[in-house]
Colleague: 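Following this message is one structure expressed as structure tokens.
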2 protein chains.
Amino acid sequence: MSLPTPAVDADSTESVPRARRGRPRGSTRGRILDIAQELFIEQGYEKTSLREIAERLGTTKAALYHHFQRKEDIILELHLRLHALGRDALDELAALQDGQEQVAAWPGLIDQFIDSVVEHQALFLLHQRNRNAFERILDNDRHRAENDDLEQRLRGLFTNPGIPLAQRVRMVCSVGAVMGPLVGADHLFADVPPAELAEIVRGAAHDVLGG
Amino acid sequence: MSLPTPAVDADSTESVPRARRGRPRGSTRGRILDIAQELFIEQGYEKTSLREIAERLGTTKAALYHHFQRKEDIILELHLRLHALGRDALDELAALQDGQEQVAAWPGLIDQFIDSVVEHQALFLLHQRNRNAFERILDNDRHRAENDDLEQRLRGLFTNPGIPLAQRVRMVCSVGAVMGPLVGADHLFADVPPAELAEIVRGAAHDVLGG
DNA sequence: GTCTATATAGGGATAGAC
DNA sequence: GTCTATCCCTATATAGAC
């Protein structure tokens with residue numbers, strides 16, 4: 001039931017005592033990423049200037065360029081964090097042969113997905129609110145090959161003729177049903193214990209699939 | 001079962017023969033809005049320059065300023081189109097007294113909502129992909145009072161203690177379940193007849209509510 | 001690793017002729 | 001209603017000292 005906890009921290013220099021804010025990141029590079037994530041969620045990627053990021057970090061624009069060559073590279077790294085979350089689940093799914101088995105595995109994957117969304121809510125929110133920016137780096141960057149086939153695999157699943165259309169649509173519905181309360185709704189259920197909220201969402205998602 | 005078809009066309013000069021592209025808009029102002037909507041969906045509001053809009057329209061930047069005082073006013077008008085879609089449904093909901101009745105009315109509203117999303121898919125997509133920009137004009141603009149209480153009413157419904165939490169969460173889930181296949185998924189089910197797709201989604205949304 | 005200073009480009013917006 | 005020309009500002013990004 002527990003998530004694989006992928007190698008999200010591969011970037012930061014891990015020789016630093018880990019006691020900063022929410023996430024364990026002491027390195028300047030990690031703090032830049034955290035601040036950027038916040039601002040990109042609040043204002044959007046395009047509307048957030050490097051000056052703002054630097055200001056909140058207590059430094060200057062030029063200093064940022066020592067850690068990231070281009071502004072794009074910041075959101076790219078955030079993108080990789082998100083993809084790391086989905087990789088294991090998708091690998092698991094790809095191991096199954098035909099559509100029938102994949103459909104059978106879906107409810108279990110949704111459970112994992114819910115846990116993942118609860119744990120890394122901000123990352124999913126970032127993606128949802130900056131979808132255009134995320135898509136733009138797909139064209140530009142060399143990391144394309146190793147990454148976007150992930151989305152290809154998902155597309156392949158949802159368009160697989162071996163699975164009845166109604167079943168495929170409901171699979172997408174289940175994802176939407178999860179994202180709605182956990183990501184989309186601003187802080188509508190902020191006062192509800194995450195575990196309780198997750199349990200309700202779990203039930204709803206399963207009802208979508210079982211109908 | 002049919003939607004109210006709100007006064008979305010209130011802006012355009014309707015003395016012009018209506019035979020342009022998808023939507024019936026001959027006026028320059030209307031065409032600007034259509035082009036802007038496309039580009040804002042493809043690239044995002046911030047990343048789309050007035051020069052691009054003018055180019056695609058076959059004119060110049062300055063000409064746009066004859067129709068809209070500021071760039072912001074373009075997305076504001078698009079915003080109003082969207083709000084017009086939700087107003088009648090929300091009014092209907094507000095007429096009901098207690099939570100029990102509102103919960104009972106929800107499945108019917110979801111049906112209306114699905115029809116609305118199918119018919120005005122682009123408008124919902126625009127909103128989903130430019131949420132930050134839409135939120136920004138709420139602060140800036142004088143149209144605040146008459147508009148954003150709509151969202152307040154929705155918030156009020158979803159946080160109403162008179163309705164059990166599980167029921168409220170599932171209501172939000174149902175919205176997500178609808179948005180998932182109809183708006184979020186890029187063109188995953190583009191080859192499926194809209195009516196057939198809507199029917200499947202309808203079933204899924206009701207299963208979320210009835211569980 | 002961080003600073004000041006600067007290059008360069010493109011954005012929104014306005015003036016005023018036609 | 002549309003054009004050309006221009007103003008002003010802010011953005012990304014770079015150079016080079018410390």
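Below, chains carry the letters A, B, ... as their sequence lines are ordered, and counting in each starts from 1. Owing to the predicted nature of the structure, the values given are computational and were not obtained by experimental measurement.
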Colleague: Is it true that a side-chain atom of B:Ser116 and a backbone atom of B:Gln112 form a donor plus acceptor pair closer than 3.5 Å?
Modeller: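 Here the side-chain-to-backbone pair does not exist.
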
Colleague: Between atom CD in A:Glu55 and atom P in C:dT2, what is the gap in whole Å?
Modeller: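 Nearest whole value for this atom pair: 17 Å.
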
Colleague: For B:Ile53 and C:dG11, give me the distance from atom CD1 to atom P, rounded to whole Å.
Modeller: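 Between P of C:dG11 and CD1 of B:Ile53: 11 Å.
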
Colleague: Is atom CD of B:Glu42 surrounded by more than 12 heavy atoms (other residues, nucleotides or ligands) closer than 6.0 Å?
Modeller: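 Yes - once you tally the heavy atoms of other residues, nucleotides and ligands closer than 6.0 Å, there are more than 12.
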
Colleague: Who pairs with B:Gln167 by side-chain contact (heavy atoms from CB on, under 4.5 Å), at least two apart in sequence or on another chain?
Modeller: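 So B:Gln167 forms a side-chain contact (heavy atoms from CB on, under 4.5 Å) with B:Val103, B:Ile163, B:Pro164.
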
Colleague: Do the rings of B:Phe124 and B:Phe113 sit parallel, tilted or perpendicular, given the 30° and 60° boundaries?
Modeller: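 Correct class here is perpendicular.
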
Colleague: Can you measure A:His67 atom NE2 to C:dG1 atom C1' for me and round it to whole angstrom units?
Modeller: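 Going from A:His67 (NE2) to C:dG1 (C1'), I get 7 Å.
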
Colleague: Classify every nucleotide of nucleotides 3-18 of chain D by which part a protein heavy atom approaches to under 4.0 Å, writing B for the base, S for the sugar-phosphate alone and - for neither, in 5'-to-3' order.
Modeller: BB------SBBB----

Colleague: Which residue pairs pass the ring pair (Phe, Tyr, Trp, His ring centres under 6.0 Å) test when at least one of the two sits in residues 39-67 of chain B, sequence neighbours left out?
Modeller: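 The answer is B:Phe40-B:Tyr45.
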
